[in-house]
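First the structure, in the form of structure tokens, and then the observations on it.
Letters go in sequence order (proteins before strands), and every chain restarts at 1. All values reported here derive from a predicted model rather than from experimental measurement.
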Amino acid sequence: MMKFATLLRKPPEWMLLDGPHRDIVITSRVRLARNLDGPAFPGFAKKEDRTTVMQELQPVVEGLPEMKDGFSEDLGGLDAIRKQVLVEKHLISREQAAKSGGSAAVINRDQSLSIMINEEDHLRMQSIRSGLDLRVAYAALDRVDEELDGLVKFAFHPRFGYLTACPTNLGTGMRASAMLHLPGLVLSEQVNQVIAAVNKIGLAVRGLYGEGTEALANLFQISNQHTLGEREPEIIARLERVIEQIINHERNARRKLVEDQPHKVLDHVGRAYAALRYAHILESKEALTQLSMLRLGSDLGILPSDLGRTIDTLLVEIQPAHLQINSQRKLGPEERDVLRAETLRQRLAGVPEPRPESLQPPVDPEPPVI
Amino acid sequence: MQCDVCKQNKATVFLTQIEKGKMQKVNLCETCAHAKGVADPKGFALVEMLHGFGHGEKVATQPQERTCPNCGMTQTTFRKTGRLGCGACYQTFGEGMDQLLKAMHKGVRHTGRVPAWAKVVGRDNGRVEDLRVRLEEAVAAERYEEAGRLRDEIRQLTPPETAV
């Protein structure tokens, strides 16, 4: 099995790949909620029953071919910082990090699949891919679901579908989402309109770390709200269509900014470059905002095009738990801000100055073949 | 944390209220919470509303509380938390579930993936149950022609019962 140190050191597969629309869509994620037929759901089960379920499920999940040489740990065996690192890497939920014994996380070697045991449901399985790639993310998860279906008996009702602790997940138990970087829509003050429109058609928009979190770094998570009444491929197709629309809006907004307000764009990118290269104290929120502007600069040709990947890595690495685990001790907020600025200065040391003359509007990718 | 009212007992009830845009937080012990009426089921109007139980007649307390025979979850706890205790709870609290699901989802019937065991056991994938629900709906809406058609379909799919 993989050690925590390896998990921490090894970048996840999605960070190394360039999925479709990678300039705007950072990741696509799909999760499935499943429960065993019979035992009470984790939130209501007695501690010993919860432990029994975990002892039954953990070896089964570890034994899946996808999980070979993966990471598997009882949450009781991880300290608060290590749990928070897994949250910052989007491998477990904040809700699960709050739990201790009787709950486990199993993560595959390339960190594209993570399975939480005894979160809100007995099983919460997640698949994560680079760019807009929901179908592939779902296909990978569907295989895991199929394999587990042959090994355990899932709670299911012919009319309600897969039974979950919260009725909002009932039916398919599936939540598909994409993380979108929308600086163009934010700078041109159109993002609230887009969010309102997306909400109206039954999709949810959330911040960087899910429900109730702020949209830091101009990152927005868009997901389906309904899980019952539609088949899995239908839910994914609908979500994908909407996301493609938003991508178009974002490209248009960027194009318009470059044409009408080039100085505003150059100013934002230039300030971000200066702050990230030369600041000595950086709060998390400012660092994230500046990284977003740097990524925009890279997308618009002012900065090297391969910078995007470094920035996506940094978005995770400058989070509090990652800073603390790398420095091997607990740090106060002020110490973290100093260390964050230091990390950013080091990691971005080789980045050449922005080149205003290279500013170019986004190019639309090849039109899809119909 | 101490109770804000009696300043003696440990606070176990944490109430957050927003009035005229200002957030107020009160921490109460169980006794004071009862005395202030916070524990009154009507105080949980918000959760009930969110889960579609906001209509008067559903909230009326039943003399005998419905409890899940499999896990012991009670109707009150379900309403308060919005979470079910186990799979069997969906049978136990099935009444009124449709109303709740209609507000939350695209439909009230699952059309997606089915686990292997349900395919074998159900054989028809819950088709008969599905038709029965639609029949009830058709009767309730006085769409008798459709109801008749559904009844015939159900008859065709269910084996004739042996006479007792």
Applying side-chain contact (heavy atoms from CB on, under 4.5 Å) to B:Arg113 and A:Thr172, what does each step give before you reach the verdict? CA-CA 7 Å; B:Arg113 217 189 128 84; A:Thr172 57; over 6 Å; no
For A:Leu170 and B:Leu101, which heavy atoms make the closest approach, and how far apart are they? CD2-CD2, 3.6 Å
Basic-acidic side-chain contact under 4.0 Å: A:Arg159, B:Asp98: yes
Around atom CD of A:Glu189, are there more than 12 heavy atoms of other residues, nucleotides or ligands at under 6.0 Å? no
Could you tell me how the ring of B:Tyr90 sits relative to the ring of A:Phe160: parallel (under 30°), tilted (30 to 60°) or perpendicular (over 60°)? tilted
A:Ile235 portion near chain B, given a 4.5 angstrom heavy-atom threshold: neither
Less than 4.5 Å to any heavy atom of chain B: does that hold for the side chain of A:Pro39, its backbone, both, or neither? backbone
Please assess A:Arg238 against B:Lys106 for the test side-chain contact (heavy atoms from CB on, under 4.5 Å), listing each intermediate value before the final yes or no. CA-CA 13 Å; A:Arg238 205 159 62 86; B:Lys106 195 111 181 160; 3.7 Å; yes
Minimal non-hydrogen separation, B:Gly87 against A:Leu163, with atom names: O-CD1, 3.5 Å
Using a 3.5 Å distance criterion without hydrogens, assess whether the side chain of A:Asp149 forms a donor-acceptor pair with backbone atoms of B:Ala116. yes
Say you draw a straight line from OH of A:Tyr162 to NE2 of B:His110; how long is it, rounded to the nearest 0.5 Å? 6.5 Å
Would B:Gln91 and A:His157 count as a side-chain contact (heavy atoms from CB on, under 4.5 Å) if you check the C-alpha gap in whole Å, the side-chain angles of each, and the deciding distance to 0.1 Å? CA-CA 9 Å; B:Gln91 293 287 358; A:His157 183 280; 3.5 Å; yes
Is there a side-chain contact between B:Met104 and A:Pro167 in this structure, where contact means two heavy atoms from C-beta onward sitting under 4.5 Å apart? yes
In terms of heavy-atom pairs under 4.5 Å with chain B, which of A:Gly171, A:Gly202, A:Pro233 leads? A:Gly171
Mind listing the closest non-hydrogen atom pair of A:Ala40 and B:Cys71 along with its distance? CB-CB, 4.2 Å
Which atoms form the tightest heavy-atom contact between A:Glu232 and B:Gly112, and what is the distance? OE1-CA, 3.3 Å
Relative to chain B, which segment of A:Phe44 carries a heavy atom at a distance below 4.5 Å: side chain, backbone, both, or neither? side chain
Which heavy-atom pair separates A:Phe41 from B:Cys86 by the least distance, and what is that distance? CZ-C, 3.2 Å
Ranking A:Glu234, A:Gln225, A:Met174, A:Glu146 by heavy-atom pairs under 4.5 Å to chain B gives rank one to A:Glu146
At what distance, to the nearest 0.5 angstrom, does CH2 of B:Trp117 lie from CZ of A:Phe154? 11.5 Å
Of all heavy-atom pairs between B:His105 and A:Thr168, which one has the smallest distance, and what is that distance? CE1-O, 3.2 Å
Contacting region of A:Glu120 [heavy-atom separation from chain B under 4.5 Å]: side chain
